[in-house]
Amino acid sequence: MKYIDALKISTLLKEAEVKQNPSCIDEILLKAETLSGLSLLEAAMLINVKDESYLEKIFSSASKVKDKIYGKRVVLFVPLYISSHCANNCLYCGFRSDNHEAQRRTLTVKEIEEETIALLNRGHKRILAVSGEFAQADEKEAVNYYCKAIEAIYRAKFGQHYIRRVNINCAPLSLSGFKELKASGIGTYQLFQETYDDETYRRVHPSGQKSDPDNRIDAIERAIVSGIDDVGMGVLFGLFDFKFELLALLAHIKQLEARFGMGPHTISVPRLEDALGAPLTNKIPYPVSDVDFKKIVSVLRLAVPYTGIILSTREKASLRDELFGLGVSQISAESRTNPGAYNTGVNKDGLEQFSTVDHRSLEQVVNILIDKGFIPSFCAACYRKERTGHKFMQLAKPGLIKGKCSLNALVTLKEYLDDFAGFTTKEKGYSLIKEKEAELDAPGRKLLEEFLHEIEGGGRDRYV
Ligand code: SAM
Ligand code: SF4
């Protein structure tokens with residue numbers, strides 16, 4: 001597979017095992033806490049740690065690094081599945097072309113607007129549009145559909161509410177396709193390599209455009225060259241050895257940093273879930289334990305400190321609650337993976353891409369975050385202030401984005417509480433705002449007070 005030197009990665013993993021000793025782990029963690037990231041060897045040393053007390057040290061360093069970069073805010077979003085038709089045949093996915101278990105749907109523009117209104121009605125402000133892939137020959141049709149979908153999401157209104165940022169997870173496109181997608185106003189373009197092991201990749205993607213690993217790995221660079229400077233990367237954990245995948249993902253990121261001077265805006269850590277009609281999910285080839293999963297998230301946070309780490313509802317509630325404290329900075333809530341499921345629920349039996357596990361409502365997740373001292377955030381300010389790509393990295397890398405994140409998080413939380421929350425959530429939320437306000441610097445406090453006052457008076461959508 002292009003860019004990935006599998007032999008070098010395996011050698012590094014072996015070297016890390018030989019060199020493993022407690023004092024070097026302490027040294028690596030001290031260095032990581034300065035926000036300087038990790039070399040591949042250092043990441044390999046950490047991912048090899050088994051000793052419980054050292055694992056706790058890794059988790060604690062990840063939590064410190066997340067706080068230094070982003071503060072206590074955790075951004076909330078929701079996926080909106082627009083189409084379950086797919087020309088590919090990924091053996092792990094319910095949408096694969098050979099799966100005839102249930103009915104598929106490609107939402108019309110009107111249906112996408114209706115789905116969006118249903119999500120606005122619950123308080124969501126950020127959407128990740130997700131789609132199966134069109135056949136390669138139909139790229140024009142695909143781009144046209146994605147762009148119309150994005151426009152429909154931005155157009156939807158529920159009272160004074162509208163979606164403030166749309167990210168998308170869809171098929172890799174050509175340069176011109178990506179340019180059109182960018183022009184439609186997307187925030188982040190997400191694409192997961194799934195696995196960096198060449199043999200596994202080819203085996204689990206037997207047909208369709210996705211069967212070419214190099215077209216997929218190149219797509220992230222094509223997106224950046226086309227002007228999409230916020231890209232999201234990821235691995236589907238469970239397909240191959242997680243240690244190899246983690247190092248390969250980091251090697252891929254280093255490649256981007258060397259070429260473009262910036263890395264991914266976000267990294268996602270999906271773990272393989274059950275999917276009806278997807279044989280590979282009956283027996284996961286390389287199961288990842290919860291402890292190893294926590295280690296993956298923590299090492300990513302230490303290795304790529306500036307990136308947003310995204311956690312989906314594929315994980316169970318109790319583990320998600322733990323992971324909020326280990327470096328995760330963006331989470332989804334009340335997700336459904338079948339197109340049309342939010343609006344009326346009539347499609348509740350439609351084809352799901354995979355089964356979600358954490359079924360808590362947005363308000364329940366907001367409550368848990370508050371209980372744990374995190375600030376639930378609906379902020380979409382960076383993209384709207386054109387703080388993307390290099391501009392974002394310049395602020396995020398030294399931890400300068402944190403002041404803006406905290407302030408915007410508190411303002412958007414206040415809006416959510418006023419407009420959507422029940423009595424108990426409101427009470428808890430307002431006292432969290434008071435408590436966190438005291439932690440801002442003097443100019444931040446002044447601005448926050450102004451914004452809160454404006455929101456009190458009916459104003460909305462204030463941000464820095
Ligand atoms: N079709 C596009 C693609 O494959 O890149 C975009 C959407 S796909 C629906 C989004 C992601 O879902 C995939 O990249 C894959 O990592 C993840 N996924 C697929 N099947 C899954 C499963 N059974 N469990 C967990 N995640 C899965
Ligand atoms: Fe299609 Fe994406 Fe599912 Fe593969 S993972 S079958 S490309 S929707």
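Ligands are counted one by one from 1 in listed order, and the atoms in each one are counted from 1 as well.
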What residue and atom, counting heavy atoms only, is the protein's closest point to [atom], and at what distance?
atom                    : value
atom 2 (Fe) of ligand 2 : K210 NZ, 3.9 Å
atom 24 (N) of ligand 1 : E273 N, 2.9 Å
atom 14 (O) of ligand 1 : E194 OE2, 2.6 Å
atom 20 (N) of ligand 1 : Y92 CD1, 3.4 Å
atom 21 (C) of ligand 1 : F354 CD2, 3.8 Å
atom 26 (N) of ligand 1 : R314 NE, 2.9 Å
atom 6 (C) of ligand 1  : N169 OD1, 2.9 Å
atom 4 (O) of ligand 1  : K210 NZ, 2.8 Å

Begin from the C-alpha positions of D292 and K295 and carry the test salt bridge (Lys or Arg N to Asp or Glu O under 4.0 Å) through to its verdict.
CA-CA 5 Å; D292 286 336; K295 201 161 54 165; 3.7 Å; yes
Only heavy atoms of [X], strictly under 4.0 Å: list the atoms of ligand 1 that pass.
X    : value
V130 : 7 (C), 9 (C)
S131 : 1 (N), 2 (C), 6 (C), 7 (C)
R216 : 3 (C), 4 (O), 5 (O), 14 (O)
Q353 : 8 (S), 9 (C), 10 (C), 11 (C), 12 (O), 17 (C), 18 (N), 19 (C), 20 (N)

Below 3.5 Å, can you tabulate the donor-acceptor pairs from side chains in residues 368-379 to any protein atom, sequence neighbours excluded?
residue: D371; atom: OD1; partner: K428; partner atom: NZ; Å: 2.9
residue: D371; atom: OD2; partner: K428; partner atom: NZ; Å: 3.3
residue: S377; atom: OG; partner: C379; partner atom: N; Å: 3.2

Centre of Y383's six-membered ring, under 6.0 Å away, within 45 degrees of the axis: is that where NZ or CZ of R387 sits?
no
Heavy-atom nearest pair, G71 first then K402, reads N-CG, 3.6 Å
Exercise: identify the closest heavy-atom pair between N169 and L128
N-CD1, 3.8 Å
Geometric N/O contact T281 with ligand 1, under 3.5 angstrom:
no
Return all protein N, O or S atoms below 2.8 Å from atom 3 (Fe) of ligand 2, chain by chain in residue order.
C93 SG
Any donor-acceptor pair under 3.5 Å linking the side-chain atoms of E115 with those of N343?
no
If we ignore angles and hydrogens, is there a donor and acceptor under 3.5 Å between the side chains of S211 and H205?
no
Yes or no: does Q190 have any heavy atom under 4.0 Å from an atom of ligand 1?
no
Given the side-chain rings of F420 and H161, with only the six-membered ring counted for Trp, is the space between their centroids under 6.0 Å?
yes
The test is salt bridge (Lys or Arg N to Asp or Glu O under 4.0 Å); show your working for D358 and K316 and say whether it passes.
CA-CA 5 Å; D358 181 354; K316 58 180 180 276; over 6 Å; no
At a non-hydrogen distance cut-off of under 4.0 Å, which region of F192 contacts ligand 1 (side chain, backbone, both, or neither)?
side chain
Criterion side-chain contact (heavy atoms from CB on, under 4.5 Å) on L319 and R271, from CA distance to verdict:
CA-CA 13 Å; L319 181 64; R271 206 163 37 155; 3.3 Å; yes
Give every residue pair that meets the side chain to side chain donor-acceptor pair (under 3.5 Å) criterion with at least one member in residues 273-287, sequence neighbours excluded.
none
Go through the steps to decide whether E133 and K210 satisfy the test salt bridge (Lys or Arg N to Asp or Glu O under 4.0 Å), and finish with yes or no.
CA-CA 9 Å; E133 296 196 7; K210 197 165 168 180; 5.0 Å; no
Please tabulate, for the side chains in residues 389-397, all donor-acceptor contacts under 3.5 angstrom to protein atoms that are two or more places apart in sequence or on a different chain.
residue: H390; atom: NE2; partner: F260; partner atom: O; Å: 2.6

